[in-house]
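Step one of this worksheet: look at the structure below.
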Amino acid sequence: MIPGNRDTRDGILFSLPFMIVFALFMVYPLVFGFYISFFKWNILGTPSFLGIQNYVDIMHDEKFWSSLWHTVQFVLMTTPVLIVMGFLMALLATSHSPLKGVMETVFFIPYILSMTVAATLWAWIMQKDFGIINQVIRLMGGEGVSWLTSEKNAMWSISIATYWWTAGFNMVLYTAGIKQISKEVFESATVDGANALQRIIHITIPLVKPTTILCLILQVIASFNVFGQVYVMTGGGPAGSTRVLIQYIYETGFSYFRMGYSAAMSYILFVIIMAISVIQYITLGRRDS
Amino acid sequence: MNARKILARAFEVALILIWLFPLAWMVITSLKYESEVVTRSFTFLPENPTLYNYLHAFSSTYILQWLCNSLAISIVTMIATFILDAPIAYAFAKIRFPGRNILFWIVMAGMMVPFQVLIVPLYLQFNSYGIINTLSSAILPRLAMPIGIFILRQFYEGIPDALEEAAFIDGAGRFRTFARIILPLGKSAATTVIILSFINAWNDFLWPLIAINDSVKYTITVGIANFQGTHGTEYALIMAGAVIASIPELVFFLIFRRKIIDGIAMTGIKG
């Protein structure tokens with residue numbers, strides 16, 4: 001220890017401003033939200049203590065289960081496709097093509113738009129009567145499809161808009177992963193007579209595995225948190241068939257003002273996301289090492 | 001050039017065009033009159049291109065105000081994030097103080113918290129402060145997010161201690177060393193943090209939707225999302241609004257393209 005060392009004082013001084021904000025707007029609401037979840041809590045009127053009643057009610061709430069199921073559907077519809085798309089785009093963006101830079105930029109551009117712009121745009125493209133997809137289908141003699149207004153199609157339509165909007169994000173992660181593979185590995189494989197497809201299967205895919213794990217974990221979390229696309233494109237309809245969990249949490253809290261119940265659901269979602277992340281991390285990470 | 005190469009280029013060009021098509025369609029629709037848009041006799045390009053929808057959007061909606069709100073929120077968030085994050089990132093990287101590691105892990109655990117867990121308590125909290133429905137209510141929760149600290153700390157750790165020690169020997173204090181040596185050396189990490197926090201604030205949706213209910217004070221994302229509710233079938237107008245909302249983002253992207261992509265790659269890989 002140097003005499004006159006002020007590390008302790010400096011450490012506290014430099015940390016303090018952020019820690020105050022962090023305590024106020026992260027730690028406090030996190031604890032307060034958990035506390036609220038044990039109450040019947042409306043904006044007006046006095047909160048009354050319920051114990052774990054909110055959690056018990058949620059377990060018997062059909063709307064909660066259907067919203068959770070829709071969310072899981074969305075996760076399953078988007079995650080594998082987005083991982084594969086991101087990887088294929090990254091292959092193009094790291095290829096020898098003179099267009100690789102253009103492709104990287106173009107594939108990434110939708111992600112830079114705010115999600116509500118992307119969703120509004122796709123709601124128009126998929127509009128039943130005048131949207132361009134159905135107009136073209138009709139020009140070719142087919143019949144227009146109810147992209148957003150049929151229970152069968154709506155979630156797929158939202159997924160398609162999501163592919164366009166966010167695949168570029170995964171591409172960026174994969175591009176960085178592929179660039180980290182040393183050139184010699186590819187060169188020696190080429191010398192040994194491996195063709196492009198063999199190089200991708202036997203070198204690129206195994207060596208970008210850490211990126212795949214990362215993409216998978218981030219993508220599952222992001223898809224579980226889906227809300228905006230649904231809010232803009234279908235509003236949860238038709239007949240509640242695309243209502244996702246965050247939307248139900250939002251409506252319960254801010255349309256019906258059942259704050260306690262809403263908070264309890266958000267904690268359940270938190271636990272689900274944490275559990276899935278940890279399981280993915282352990283199972284995928286283990287096999288890797 | 002052999003046939004195979006031509007085929008490959010053609011395929012790539014097709015992909016590029018497909019990917020850009022929705023954007024082009026947004027612009028094309030916005031240049032048509034409403035009557036041309038809502039008709040079954042389909043036209044691809046506008047028969048009489050018009051800027052009417054843009055004028056209409058500016059005069060009959062608050063879109064200009066929403067852009068200003070989003071800009072104000074994003075700029076304040078970006079500056080405040082850096083002012084809060086840089087010192088603590090430096091402390092985590094270079095200052096040996098008791099409790100540092102525990103504090104670091106607590107802050108990093110904050111990255112795991114999904115935002116929707118905070119919406120109800122934050123709303124009640126802000127309601128009791130009386131700041132619901134103000135722009136500051138949209139800004140404050142963003143400042144508690146630790147991603148910037150993570151990026152900056154990573155960078156500051158790579159700065160050799162010898163540089164700092166030389167400054168200490170010359171009699172410079174902590175603050176001076178931080179301001180004169182660490183901050184200038186960490187410029188590239190700082191730009192990354194600033195750009196990412198700007199984009200995240202600009203694209204924020206769920207929280208501004210809840211925190212702000214006065215349509216004049218909407219952010220652009222919330223304003224656009226509610227367009228369909230208020231302007232129903234005026235698709236040309238809605239697309240003009242979408243174009244207006246996208247321009248600042250696209251300009252920002254074209255200026256900082258490399259920085260944005262590298263920033264995402266870095267936070268993704270190292271996060």
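Sequence lines set the chain letters: A, B, ... in the order given, protein chains first and strands last, and positions in each chain run from 1.
Considering all non-hydrogen atoms of both residues, Val37(B) and Phe130(A) come closest at O-CB, 3.6 Å. The two residues Thr116(A) and Ala225(B) come nearest to each other via the heavy atoms CG2-CB, 3.8 Å.
Among Asp129(A), Ile132(A), Ile36(A), the residue making the largest number of heavy-atom pairs under 4.5 Å with chain B is Ile132(A). Here Gln135(A) is the residue among Met233(A), Gln135(A), Met26(A), Met259(A) with the most heavy-atom pairs under 4.5 Å with chain B. Ranked by heavy-atom pairs under 4.5 Å with chain A, the first of Ile238(B), Leu23(B), Asp85(B) is Leu23(B). Your options are Ser266(A), Gly235(A), Gly11(A), and the one with the most heavy-atom pairs under 4.5 Å with chain B is Gly11(A). If you tally non-hydrogen atom pairs under 4.5 Å between each of Val107(B), Leu15(B), Ile260(B), Asn213(B) and chain A, the highest count goes to Val107(B). Among Leu20(B), Leu122(B), Leu140(B), Leu143(B), the residue with the largest count of heavy-atom pairs under 4.5 Å with chain A is Leu140(B). Per-residue heavy-atom pair counts under 4.5 Å with chain B were compared for Ile125(A), Ile273(A), Ile246(A), and the maximum is reached by Ile246(A). No other option in Ile220(B), Leu209(B), Ile119(B) has as many heavy-atom pairs under 4.5 Å with chain A as Leu209(B). Top candidate by heavy-atom pairs under 4.5 Å with chain B, chosen from Val172(A), Val232(A), Val117(A), Leu121(A), is Leu121(A). Between chain A and the residues Pro141(B), Gly110(B), Pro22(B), the largest count of heavy-atom pairs under 4.5 Å involves Pro22(B). The choice from Ile249(A), Leu16(A), Asn225(A) that makes the most heavy-atom pairs within less than 4.5 Å of chain B is Asn225(A).
Rounding to the nearest 0.5 angstrom, the gap separating the OG atom in Ser15(A) from the CG atom in Leu84(B) is 12.0 Å. Between atom CG of residue Leu13(A) and atom CD1 of residue Ile95(B) there is a gap of 8.5 Å, rounded to the nearest 0.5 Å. Annotation: the span from Phe25(A) atom CZ to Ile139(B) atom CD1 amounts to 11.0 Å, rounded to 0.5 Å. We find the CD-OG distance between Glu12(B) and Ser95(A) to be 5.5 Å, quoted to the nearest 0.5 Å.
Separation of the Phe92(B) and Phe18(A) ring centroids does not fall under the 6.0 Å cut-off.
Side-chain contact check for Trp124(A) versus Thr29(B): some heavy-atom pair is nearer than 4.5 Å. Here the side chains of Met115(A) and Thr221(B) are not in contact, with every heavy-atom distance at 4.5 Å or above. Here the side chains of Leu245(A) and Gln116(B) are not in contact, with every heavy-atom distance at 4.5 Å or above. Between Met274(A) and Pro114(B), the closest side-chain pair of non-hydrogen atoms is not below 4.5 Å. At a threshold of 4.5 Å between non-hydrogen side-chain atoms, the residues Val117(B) and Tyr267(A) count as touching. With a 4.5 Å cut-off on side-chain heavy atoms, Tyr231(A) and Leu206(B) do not count as touching.
At most 12 heavy atoms of other shown residues, nucleotides or ligands fall within 6.0 angstrom of atom CZ in Phe11(B). The number of heavy-atom neighbours closer than 6.0 Å to NZ of Lys40(A), taken from other residues, nucleotides and ligands shown, is 12 or below.
When heavy atoms are compared at a cutoff of 4.5 Å, Tyr163(A) approaches chain B solely by way of its backbone atoms N, CA, C and O. No part of Leu254(B) comes within reach of chain A, as not one of its non-hydrogen atoms sits under 4.5 angstrom from that chain. Heavy atoms of Thr39(B) lying under 4.5 Å from chain A belong exclusively to its backbone. The part of Met239(B) that comes within reach of chain A is its side chain, from C-beta onward, which places non-hydrogen atoms under 4.5 angstrom from that chain. Looking at Phe22(A), the atoms closer than 4.5 Å to chain B (heavy atoms on both sides) sit in the backbone and in the side chain alike. Using a 4.5 Å cut-off between heavy atoms, Phe254(A) contacts chain B through its side chain alone, with no backbone atom that close. Using a 4.5 Å cut-off between heavy atoms, Met171(A) does not touch chain B at all. In this structure, the portion of Ile199(B) lying under 4.5 Å from any heavy atom of chain A is its side chain and not its backbone. For a residue to count as touching a neighbouring chain, one of its non-hydrogen atoms must lie under 4.5 Å from one of that chain's; by this rule Phe168(B) does not touch chain A. Looking at Ile106(B), the atoms closer than 4.5 Å to chain A (heavy atoms on both sides) sit in the backbone and in the side chain alike. Using a 4.5 Å cut-off between heavy atoms, Arg9(A) makes no contact with chain B at all. For a residue to count as touching a neighbouring chain, one of its non-hydrogen atoms must lie under 4.5 Å from one of that chain's; by this rule Leu269(A) touches chain B with the side chain only. With a threshold of 4.5 angstrom between heavy atoms, Phe115(B) does not approach chain A through any atom at all. For Asn226(B), the part sitting under 4.5 Å from any heavy atom of chain A is the side chain, from C-beta outward, and nothing else.
For residues 117-127 of chain B, the set of pairs meeting the side chain to side chain donor-acceptor pair (under 3.5 Å) definition, not counting sequence neighbours, comprises Gln125(B)-Tyr129(B).
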- Task: Let me see the working for Phe42(B) and Leu139(A) under side chain to side chain contact (heavy atoms under 4.5 Å, CB included), right down to the final yes or no.
- Result: CA-CA 8 Å; Phe42(B) 176 64; Leu139(A) 277 181; 3.6 Å; yes
- Task: Carefully, step by step, assess Leu124(B) and Trp41(A) under the rule side chain to side chain contact (heavy atoms under 4.5 Å, CB included).
- Result: CA-CA 10 Å; Leu124(B) 291 171; Trp41(A) 196 304; 3.6 Å; yes
- Candidate pair Asp7(A) and Arg96(B), rule salt bridge (charged side-chain N to carboxylate O under 4.0 Å, His left out), full reasoning: CA-CA 6 Å; Asp7(A) 277 358; Arg96(B) 279 188 201 84; 5.3 Å; no
- Applying side chain to side chain contact (heavy atoms under 4.5 Å, CB included), run through Thr120(A) and Phe227(B) and close with a yes or a no. CA-CA 9 Å; Thr120(A) 307; Phe227(B) 244 24; 5.6 Å; no
- Message: Quick one, Phe14(A) with Phe178(B), criterion ring pair (Phe, Tyr, Trp, His ring centres under 6.0 Å). Give me CA distance, side-chain angles, the key distance, then yes/no.
- Response: CA-CA 10 Å; Phe14(A) 275 74; Phe178(B) 174 64; 5.3 Å; yes
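Chain B is approached within less than 4.5 Å, heavy atom to heavy atom, by Tyr28(A), Pro29(A), Leu30(A), Phe32(A), Gly33(A) from residues 27-35 of chain A, ordered by number.
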I'd like a table of donor-acceptor pairs (distance under 3.5 Å, sequence neighbours excluded) in which one partner is a side-chain atom from residues 103-112 of chain A, with atom names and distances.
residue	atom	partner	partner atom	Å
Glu104(A)	OE1	Arg258(B)	NH1	3.4
Thr105(A)	OG1	Gly101(A)	O	3.1
Thr105(A)	OG1	Arg257(B)	NH1	2.8

Identify each donor-acceptor pair in which a side-chain atom of residues 241-253 of chain B lies under 3.5 Å from a protein atom, sequence neighbours left out, and give them as a table.
residue	atom	partner	partner atom	Å
Ser246(B)	OG	Ala242(B)	O	2.5
Glu249(B)	OE2	Ser114(A)	N	2.8

